[in-house]
Structure formats: C-alpha cells, structure tokens
Amino acid sequence: MSAVAKAFANNGVLAQHITGFKPRQAQLEMALEVEQTIAKQQQLIVEAGTGTGKTFAYLIPALQSGKKVIVSTGTKNLQEQLFHKDLPLVKKALKSGYTLALLKGRSNYLCTFRLNENFNSSQDRRHKVGATLDANTLQDLVKVRQWASSTQSGDIGELTNVAEESPIFAKITSTSDNCLGRSCPDYKDCYLVKARERAVEADLVVVNHHLFFADMALKDTGFAELIPNAEVVIFDEAHQISNVASEYFGDSFSTRQILDLASDALQQYRLTLTDVKQLGVAAEKLQTSAADFRMLFPYDPERGNWRQKLVSDHVRSAFAQLHANLKFLYDVLKLCISRNEVIDNCFERASQLLTKYQVMTNVEQLGVSLWYETTRRHVVLHQTPISIADKFSQHISHSDAAWIFTSATLAVNESFEHYCQDLGLHDASQLLLASPFDYLKQSKLLVPRYLPQANDFNRAKALVNIAIPLIKASGGSCFLLFTSYRVMNQVAELLANEVDNTLLVQGQMAKSVLLDTFVNEPESILLATASFWEGVDVRGDKLTCVLIDKLPFSSPDDPLLQAKSEDIKRQGGDPFSQIQLPDAVIALKQGVGRLIRDVSDKGVLAICDSRLVNRPYGQVFLTSLPDMQRTRDINKAVNFLTAIKQSNL
C-alpha cells in the first residue's frame, strides 16, 4: 500500500486528525492518480463531482512528493481557504515539514512608496492628492494610514473597514506599469517583494490563475523566477484557465493606463519639476483626449468588435488625437529623463503605450480577436489570440513538471475533448469521477412548460409566476440565477410586489455581504448573475431551491466568440457544437452545482428553458448533469419542497 493510500485508509492519518472522516472511493482513486502523475511528471485532467473531496485528493500526494508545488485557484477566497484552513490541516495530519506561502497579485499589497508619494511628500497642501479627495475617500485614507503603521503583511485584504470599490486603493497600490522595481527607494521594505521572496523559498505556494498566467507571459517583471522552479503545478477550478490564459497571452491598451500615466506625470510636474511647464500641459492634454475618447462609447458598459468600431470617422479621429497627445507627453518626458525614478518610469510607460497603440491599429492581424470593452469610466482595447493551445502545450512540454487540472465541471457529454482542444492537452491522462451524492433521492429537476421565448416581453412575468410557488413551498431559501442583469432586475421589481421575503439583489451590496445576509436571514431570496453561478457554498436547509432563467449560451455578439467562430468556419468546423454548446454546458453545470453541497442536502432545481427538452442538443446538457428526478409539473416540484420543509421542522 502506497503512502497516499495509507493516508486515506480507515485508520489513516486523515481519519485520526479529522472528526467524521470516512474514506471515499472516488477521492482515493483521484489521489492515487495524482500520485502517479507527479511521480511520472505527466499531465492529468480530473473532473471530480461535488462532494468527491478533490482538495485533499491533490494536497496529500503533493505534500508527500517532496517536490516544489504550486497550487493555482480561481479566486482569492479559495486561495485563503486553502492556505488558512485546508493546508494546515493536511500538513498537521502528515506531520509534514513543508513550508507554505500565499502569494497574491501586486494590487493586493500596499505600496509604501505610492502612499508616501501621494500623501506625504509635498509641503504645499494645494498639490497634495489628499487635499483633493472627497470626504468619504479622505476617511478611507485615515484608515489606511492607521493600518499601514502596524501591518506586517501589507495585504490590503486586512482593511475590512474600507469598501472594496474605494478610490483610495488605486493611490496606495502599484501596477506593473507604475512599479519602479529595483529603482524604488522602498524596494527593500516592499511588501510585494517580501511576499515573492517567501514564495520562491517555500515548498508549496498558493497563487491564483491570473497571477500564474501573468508570470507565464512574463508580464510581471521580477516574478518570473517562481514558476520555472515548480516541479508540480495543480490547477483547482481549472475550467476557468482557458479564458484567463487568453487574456495574458494577448495585449491590451486602456484609457485607465493613459490616465494613470498622465496623473503621475502631472504630479511630478507639481511636486519636483515645476520648471518644465510643458510637462503639465502635455499631461492635461492627454487627460482630456482620454476623456473625449471614452465619450464616444455608450455610458452603460458594453463589448464590441474593435475592427468595426474603428471604421467610424469620429472614433478614428479621437483615437488619432489620443496618439498625438501621448506622443507629445512622451517627447516631453524624454527631455526629463534621469530627473527622478518616477519620471523615468513614466517615460518607459509612455513608450510601451505607444507600442500597444500600434498593435491596436493593425486591423489586418490574423489569428487574433480585436475587441473592446467599456466600464463607466474607461475603455479597454484587447488583442486576444483565438487559440492558446499551441503556446500552452509548448510551455508544458518544455517544463519538467507534473501538471494536474481539476474541477467539478470539465467534461461535456462525459468527454474531455473540448477541454483538451482548448488547452492543447492531447497527452494528458483523464479521470471522470461522479459525485458521491444520491441526486435521484436528494433532488428534483423541474423544466416548466409553456414558457415564453427568451426575448419575449412577458418572460420576466412568467419567471415570477414560476418562482412564487417555489418560494412559498421552500419558505424562501432560494437562489434565482440569471444570465443577464436586465432580466434579473425586471424579476426583482415584479417579485417585490408579490412576496414578503427579503430580496437580496446583486449590485445592492458586496458579494460577501449578500451571502452572509442570505445565510443569516431566514426566508431570504438571492437574485444574482454570473459571479454567483460558481464558487458559492451554501449547505443544508439554507438553500433548497435554485432557479436558472435560461441556458447560459454566450451572446452571439461577443467579439471573441465571433472571432473564434469565424476561425472554426474557415477550418470547416461547426462553431455551435465546438464552442457555444460546450461552454454553455460547463456554465450550466456550475450553476446546478450550487444546489446540492452535502450528503444531507435536498432541493429543487428549476431550469426555465424548454430547449432543454425540445431541442436535440438538450440531451447533451442533460447527459452532462447529475442524474436527477425530472418533471415538467411545477406541482410535483412544490410537493418535493414542501416535504423537505416539513422534515426540517
């Protein structure tokens, strides 16, 4: 019996250290496969259904391997759980001497140089950033400075008394653009540098996907020494990595980068280079042209095809003006080189932005999607590769590491073909492990009849009519999950007039606050969109009903999807079956996974989309979902919920 098998045995170290631990065949099977993959330095893809216990199944063999390990997760929340809860437990059980490190992206760490530069360096309060802040942000600054005097880690996650969206964070953290690196006067005391040093020295490092691929793409200077040292790389929530990797293997140009550059240059003019009046003029002109460029796009956030947008004379003219003013600032900064480190950094950023600008004007590029997205304040232009399979598979083949990819949702129609094609993982071993939960007994799938089409004006009302009896039967304890904010808000408005339950609507408060309120407030109802379809764990009778408004197909107007579809058509393929359908299946599986989280959980899943039963591709969805009791009769779903509620009394 191997060391891994012994750890999971009835009398093994896990049973000795974890109250209520019971061996699970699927968990052991996964752990043994991970052990073999690490030993042979190969690749493994594992779909481990909810309840398998995949975290322990990869941590045990990883810590017993004696090798340098990187675990990459989908979210910071999962990072925190792994590092502060799961890893200490496994390490204690194994009596392991492994050293551990948690590493986040640079935006999570206080930059003492920027804090001091922005708020301490000038004796003239007219030019201090702090003097221009509104009352709320100024209060946040006071909290930051109090915290900064005592923090050991510099992790801004410790600032729980400052709202996540506070403008103060942009002033006290660095970006890869404005970081001065080794030229920074505070380099030796930099919290980010210290965190990276700990990561380089540690035996096991917990990162997230964005950080991992930023390093792989060598976009985060000074961090690239971490991943080449890894002998084992484990991706948890691995269904996310194709989209994340595409972002880092591409390029971007944003008005935020422009405005940050202009702001830093303007501050240097006011603080130390008052003799260079053209520096202030150039920075202000660039700020104006960036704002003018944003005004050419709708106020509400949108995505679109940049090639098509650039056809507009107004857009092309404003974009050219942005370039002219960026070049003007570049020329002025060039005359100021060596005056100080910040000016030198601004010059380098201006040079890089000019290069990125040229990338975004080359509309004849092949193999990439040129697209844009907007926020209320900014425009971001993207150049994204249509496929990352060649780059990613090449990176893996050149490494001497074992690579493990795991999630509860990787397979489509019980096949990993879609996932392997996306990432170029043609030599990887594959393991498909079903959830140990008894879905036939624990759940019921409702696909309501007579629903209006997705674009029908009456659809929101029809969804409310379905939701009301389910809400009443379950006494609240419902997730209503939507594919668009528009429908979510329509349903919320209508539902408010029909039920007395507390409605918790995404956007009204932070995600963590919404979840805490949902769990702690009886009979509450949560209405949410994409970010709540995954990574949310509510167990027991707190959640007994999940309603999904429709199958989560990507919008056909999505520019990246359009580019991928055109590429597949040129190769004689079918974009719907090769991209749209598999992506929608994975997304639906994530949403469905919110319902049953434990062996004792019970509930109803309502998918309000008749295409699930009257279109041929509906069978692909059904085959990919757990085997549940099915009904089209809402009364049977109501009776199931009523029985659950009565059994919990």
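Start at 1 with the first residue, then count along the sequence.
Within a 6.0 Å sphere centred on CZ of Arg377, heavy atoms belonging to other residues, nucleotides or ligands number 12 at most. Counting heavy atoms of neighbouring residues, nucleotides and ligands inside a 6.0 Å radius, atom CG of Asp500 does not exceed 12 of them. No more than 12 heavy atoms of other residues, nucleotides or ligands shown are found within 6.0 angstrom of NZ on Lys76. Within a 6.0 Å radius of CD in Glu302, more than 12 heavy atoms belonging to other residues, nucleotides or ligands are found. For Lys564, the NZ atom is densely surrounded, since the number of other residues' heavy atoms within 6.0 Å is greater than 12.
Among Phe518, Phe532, Trp533, the one residue that satisfies the ring-ring contact (aromatic ring centres under 6.0 Å, His included) test with Phe479 is Phe518. Of the residues Phe253, Phe293, Phe297, the one that meets the ring-ring contact (aromatic ring centres under 6.0 Å, His included) test with Tyr372 is Phe297. Paired with Gln79 under the rule side chain to side chain donor-acceptor pair (under 3.5 Å), one option of Asn208, Asp236, Thr73 passes, and it is Asn208.
For the atom pair Ile241 CD1 and Ile388 CD1, the distance stands at 7.0 Å (nearest 0.5 Å). Distance check, rounded to the nearest 0.5 Å: CD of Gln580 to CZ of Phe553 gives 7.5 Å. Summarising the geometry, atom CG belonging to Leu102 is positioned 5.5 Å from atom NE2 belonging to His84; distances are rounded to the nearest 0.5 Å.
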Would you sort out whether His209 and Ser72 count as a side chain to side chain donor-acceptor pair (under 3.5 Å), showing the intermediate values?
-> CA-CA 6 Å; His209 300 337; Ser72 181; 2.8 Å; yes
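Checking Thr55 against Asp86 by side-chain atom types alone, no donor-acceptor pair falls below 3.5 Å.
Ring pair Phe249/Phe213 is perpendicular by interplanar angle, where above 60° counts as perpendicular and below 30° as parallel. Between Tyr439 and Phe437, the ring planes are tilted. Angles from 30° to 60° get that label.
In terms of the side-chain hydrogen bond (donor to acceptor under 3.5 Å, both in side chains) criterion, Thr517 has no residue partners (sequence neighbours excluded).
In this structure, Gln562 contributes its side chain and Pro556 its backbone to a donor-acceptor pair below 3.5 Å. Of the possible donor and acceptor atoms, none in the side chain of Lys309 sits under 3.5 Å from a partner among the backbone N and O of Gly304. Looking only at distances, no side-chain donor or acceptor of Thr173 sits under 3.5 Å from a matching main-chain atom of Cys111.
When all heavy atoms of Leu470 and Val638 are compared, the pair lying nearest together is CD2-CG2, 4.3 Å. Here the shortest heavy-atom pairing between Leu410 and Ala238 reads CD2-C, 4.0 Å.
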